[in-house]
Visitor: 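Please see the structure below; I have some questions.
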Amino acid sequence: MRRTMLFAVMLLAALSAALPARAGVDWAAGTLTARAVEPVDPDPFAPTGDPAVALRKAALAARKGLWESLAALRFDADSSVGDLLARDQSLAGRVRGLLQNSPIQGGEVQTEAGRAQEATASAALAGTLLEVLMPPARVQFQSGVPPRRTLAPGQPLLAPSLGPLQEGAAPAPLLLPAPEAPAAAVSAAGYTGLMVDARHLSVVPALLPVLFDPSGTGIYGAFLVPRASALASRLALYAASAEDEAVRQRCGAKPLLVRAVGLAGPSGVDLVLPAAESGQVRALLHNNEVLSRCAVAILWTPPQPVTGPLSPGPGAPR
Amino acid sequence: MPVLRPLSVVLLVLLFLLPALAWAEPVEVVQPLEQGLSPMQVRAKARETAFAQAVFQTALRLLPAAPGEAQQAKLQEYLQAHALQYVTGYQEVSASQEPEALRLTLNVDVNERGLRSFLRSCGAAFTAGRPLAFELRLLSPLTAAESLKLDDLAVMGGLVRTEGALPSFTLERGAGFLWQGAIRTASSQITEQAADPAALWLTLWGRYFAGQSSSTAAAAGKVLHVSGWFSPDGVAEFDRFLRGVGGVQDVQLLDMELLSSGVAASWRLTLLDAAALDARLKEYLPSRGLSQTLSGD
């Protein structure tokens, strides 16, 4: 019993005393990273005088940072991952378990204040984590039925400063078949992927973004992609530059470049593509090979990293 | 097994209560609508497909290694026809009618013990990823249908016909309508008789692999001790990971300890492939700051 109390006290002390972790998402690589530094007390008899204890505190803080960073991510236009975790305790337990088994690196570092232990925890936004977050009961992949959204008419789409388009009550999606691509008229032959330039918009990256045409019919999203592909690669890659190696790997040598004309809702997650190119994008997305690779990249402007007590770590947005 | 400390007993009980450890895998099927079938019939067909898929997925998870393509296909074919034997319950998660199909998601509970027993008796539990060479000695002619059936059973069991190999399987027509068969190894011989060659095949190989099973289990009962977590949540997730590792079976969490240095836990398991377990643990544990020891039962 004494042992349990000792452990609980140490755990609480570690959580309360640890410095806030610097956490971030690399949307191009698809990784969450959190880094924490814990000073080692020069007095070896102090509770934090043992480097192993300091390392444990740093690791706990880093994994707590991972959790917070994951919870802050947008799941889709309607909710954040944190919303899902708050609603479903079983899911939250599963995700906690995964993060408690996340790869971690640590070691001694020298700071201005003296000796310290540093821990960096990371988690891939792929595989088991996505499998747990996106069970078939929550997300219907490859249904072939595009979502519909009522986009506010008469609002200029190009200027993000004027605010995004508003979401309206969506008609029941199940009865609306996907518009057939006019394959004879529009050709996407030779394109190896889709690159959507949204750097002029206030895009918020998400695990399940949807691309719409100006009439409010979905062009790309979970409804087109096999679940296995989305779990392995995420629906879309977000990068700041078209020159990013990850974009080239994802979209191939000859991507179709389309400039988004607006946001399809206040969340900033979903994008609207121009009417003129929607047909060509649809034709491209009839290619199963493109869909199985989720060969879609969204170019965005990441927010400036916040400066804090720790120098920017590998988790800084990219 | 060491005497459990009172704290460990409490934690053990708590762990058994964790719903996640009894989590059924959801299965999603898309059943095309067919003319002449009522909605109820389409639903029943979708459910059957989901059962078969769940049983097959569970079988693949229980096997110590991935079976070859042909063996996998034959196993799927067999389990599709016998899926209901292994389904103990199900829960409908969602059902949605699409323009040309019914999409059904079920949580299917599969009788893993029974399925594991079948995989052992047919040989797949021992031959997945490592086919077993055997010699077939036919002393009486078979009909084309009988011959085809035996070929299918051999592929499902991961048995590859090889001239001069041991074990050898001998089949001949005996007195009356009975067939006589024998499996001979370097050290023993099993004999049996049955009314048809396929039944004889299943009985004899079942007995052969039952012998393999008991000797393997007796030799490979191990206790894996892993330490280095900072939270009990990590133990539950590792339990899931361990159950998915090829080369181990009968994974059972023994106890969990909260120590001043962190959280540690022990599992009892049957080790079928030490190299496979070692490779997975080396890949998984060090990068997560965890360490392990593996000892005899």
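In what follows, every chain begins at residue 1, and chains take the letters A, B, ... in the order their sequences are listed.
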Visitor: Looking at A:Gln140 and B:Glu98, what are the two nearest heavy atoms and their distance?
Guide: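 Of all heavy-atom pairs spanning A:Gln140 and B:Glu98, the closest is OE1-OE2, 3.8 Å.
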Visitor: What do you reckon, is CD of B:Glu100 surrounded by more than 12 foreign heavy atoms closer than 6.0 Å?
Guide: no
Visitor: Under 6.0 Å from the CD atom of A:Gln110, do we count more than 12 heavy atoms belonging to anything else shown?
Guide: yes
Visitor: Atom CZ in B:Arg288, atom CD in A:Gln105: separation rounded to 0.5 Å?
Guide: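 So the gap between those two atoms works out to 12.0 Å.
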Visitor: I need the B:Phe230 CZ to A:Arg56 CZ distance, nearest 0.5 Å.
Guide: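 The CZ atom of A:Arg56 is 6.5 Å from CZ of B:Phe230, to the nearest 0.5 Å.
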Visitor: Among A:Ser102, A:Gly93, A:Ala52, which has the most heavy-atom pairs under 4.5 Å with chain B?
Guide: A:Ser102
Visitor: Do the side chains of A:Arg96 and B:Ser231 get nearer than 4.5 Å, heavy atoms only?
Guide: no
Visitor: Of all the heavy-atom pairs spanning B:Glu28 and A:Pro136, show the shortest one and how long it is.
Guide: OE2-CB, 3.9 Å
Visitor: If you define the side chain from C-beta out and look only at heavy atoms, does anything of B:Arg240 sit under 4.5 Å from A:Arg94?
Guide: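 The answer is yes, as the side chains (C-beta and beyond) meet within the 4.5 Å cut-off.
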Visitor: Answer with side chain, backbone, both or neither: which region of B:Phe241 has an atom nearer than 4.5 Å to a non-hydrogen atom of chain A?
Guide: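 Neither part.
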Visitor: Give a yes or no answer on whether the side chain of A:Asn101 reaches the backbone of B:Gly234 with a donor-acceptor pair at less than 3.5 Å.
Guide: yes
Visitor: Given a strict heavy-atom distance threshold of 4.5 Å, which part of B:Leu290 is in contact with chain A: side chain, backbone, both, or neither?
Guide: side chain
Visitor: Examine whether an atom of A:Arg227 lies under 4.5 Å from a heavy atom of chain B, and if so say whether it belongs to the side chain, the backbone or both; otherwise answer neither.
Guide: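 No part of A:Arg227 comes within 4.5 Å of chain B.
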Visitor: Which heavy atom in B:Thr105 sits nearest to a heavy atom in A:Ala137, and how many Å separate them?
Guide: CG2-N, 4.5 Å
